Amino acid sequence: FKVLSTTTWKPNLVLESSFGITAAFSPDSRRVAIHGNDGLLRVYCSATGREERSSPKGLPGSELMTFSPSGDMVASSLGPVITLWRLGKEPIQDDIDIGYGHINVLAFSHSGKQLATGCKEGLVNILDLTTGKVHTKSLICATTVYSLAFAPDDTRIASRCMKTVQIWDMAKEEPIKLLPCHPSASTHTRLLLNWEILAMYTVDEWEKWVIYNGQRLLAIPADFRPKFVELLSATSLVLFGEQSALGILHLSPDPSLEEI
């Protein structure tokens, strides 16, 4: 396992492992958390490779890992179990079993007070870190949850399955809006929405049109029709062919659909 400098392209950190390593960068990219062979979760300085701290006890295993927005907490998961590690002079480690569901994606709210998990069984569980309570949202599509994103004010959450993005008001049982999503998008692509009007750029199932807010916005030339797409930003789509990128579409942050 190597952490490379994007300036020199030389490794700042090299770890030997006979098994897979789960890792995550802090939001400012200055630290990287790694769960290695011995079961301990360690935090390293990504610039120097120096170990800064390690978890007080071993974790049973981890498949996913993410930092909180402030960088003072790391969450990891294995099956239905979440491990929370609060960084500090005396790290606190909590293991929380959310019950039914194999966790496929983790996402902190912007305040860091909530942690959402998306399951392979089509459930979104929202853990309130201040009270320990878990709130569950059952997706209409009942398929694997691939991506999650909180609104900037943390009052809504978006979840993506294979073909649909569902947007939820945290206080309501049913989704407040459904958006089509390109089925060949990368399974863990980021959800980048215009939260004011609840809209998102994607392409249609035939890769012929850019779609925004459920409506056709821009025709894609035949030579640039992708096999899958990625959201580079809330207003940029990367189009990928069989083996390489075809190009990037830079779009308006607030297109006028009435003029189409």
Side-chain angles (χ1 to χ4, degrees), residues 1-98 101-120 125-130 132 134 145-150 154 157 186-191:
F1 179 88
K2 297 180 180 180
V3 176
L4 302 176
S5 166
T6 55
T7 302
T8 65
W9 293 109
K10 295 181 179 180
N12 293 334
L13 175 65
V14 179
L15 297 175
E16 297 291 336
S17 174
S18 55
F19 303 99
I21 286 179
T22 308
F25 279 97
S26 62
D28 60 9
S29 299
R30 294 180 179 179
R31 293 181 292 172
V32 58
I34 295 173
H35 185 207
N37 292 339
D38 58 5
L40 295 179
L41 192 151
R42 292 182 167 85
V43 175
Y44 296 87
C45 172
S46 57
T48 65
R50 178 178 59 86
E51 181 180 325
E52 294 185 350
R53 63 192 72 191
S54 63
S55 58
K57 59 181 180 179
L59 280 64
S62 60
E63 297 170 318
L64 301 169
M65 189 181 300
T66 186
F67 271 89
S68 64
S70 63
D72 64 349
M73 187 183 304
V74 175
S76 66
S77 68
L78 177 66
V81 179
I82 302 169
T83 297
L84 292 173
W85 184 32
R86 294 172 173 83
L87 309 181
K89 293 182 179 180
E90 296 182 4
I92 300 173
Q93 182 175 322
D94 297 317
D95 297 322
I96 302 168
D97 190 337
I98 64 170
H102 187 109
I103 297 171
N104 194 58
V105 60
L106 294 167
F108 275 99
S109 63
H110 295 275
S111 67
K113 295 180 179 180
Q114 299 175 93
L115 177 65
T117 67
C119 300
K120 291 183 178 180
N125 292 300
I126 302 162
L127 173 63
D128 188 325
L129 298 177
T130 61
V134 177
V145 180
Y146 291 112
S147 303
L148 292 168
F150 281 88
D154 292 341
I157 188 170
S186 172
T187 54
H188 289 287
T189 190
R190 296 177 297 167
L191 282 177

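Note that the structure is a prediction, hence the values are computed from the model and not measured.
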Spatial distance of atom OG (Ser68) from atom CG (Leu84) [nearest 0.5 Å]: 9.5 Å
Supply the atom-to-atom distance Leu115 CG to Thr66 OG1, rounded to the nearest 0.5 angstrom. 8.0 Å
Donor-acceptor contact present, side-chain Thr22 to main-chain Ser62, <3.5 Å: yes
Does Arg31 reach the main-chain N or O of Gly71 with its side chain, forming a donor-acceptor pair under 3.5 Å? yes
Rounded to the nearest 0.5 Å, what's the gap from CG on Leu40 to CD on Glu51? Could you check? 8.5 Å
So, for Gly49 and Tyr44, which heavy atoms are closest and what is the spacing to 0.1 Å? O-CD2, 3.5 Å
Taking side-chain contact (heavy atoms from CB on, under 4.5 Å) as the definition, give me every residue that meets it alongside Arg30, ordered by chain and number, with sequence neighbours left out. Asp28
Residues Val32 and Ala23: closest non-hydrogen pair is CG2-CB, 4.4 Å
Got a sec, which residues hit salt bridge (Lys or Arg N to Asp or Glu O under 4.0 Å) with Glu63, two or more places apart in sequence or on another chain? none
Could you tell me if the side chain of Leu41 sits less than 4.5 Å from the side chain of Met65, heavy atoms only? yes
Contact summary for Leu106 and Ser77, nearest pair of heavy atoms: CD1-OG, 4.0 Å
Do you know which two heavy atoms are closest between Pro69 and Gly112, and how far apart they sit? CD-CA, 4.2 Å
Can you measure from CZ (Phe67) to CH2 (Trp85) and round to the nearest 0.5 angstrom? 8.0 Å
Identify the residue among Asn104, Ile103, Val105 that makes a side-chain contact (heavy atoms from CB on, under 4.5 Å) with Val145. Val105
Does the side chain of Thr117 come within less than 4.5 Å of Leu64's, by heavy atoms? no
Asp154 side chain reached by Gln114 side chain, heavy atoms, under 4.5 Å: yes
Rounded distance (nearest 0.5 Å) linking atom OG of Ser109 with atom CD1 of Ile157: 8.5 Å
Below 4.5 Å, heavy atoms only, C-beta onward: do Leu129 and Leu127 meet side chain to side chain? yes
Taking the side chain as every heavy atom from C-beta outward, state whether Thr83 and His35 have any pair of such atoms under 4.5 Å apart. no
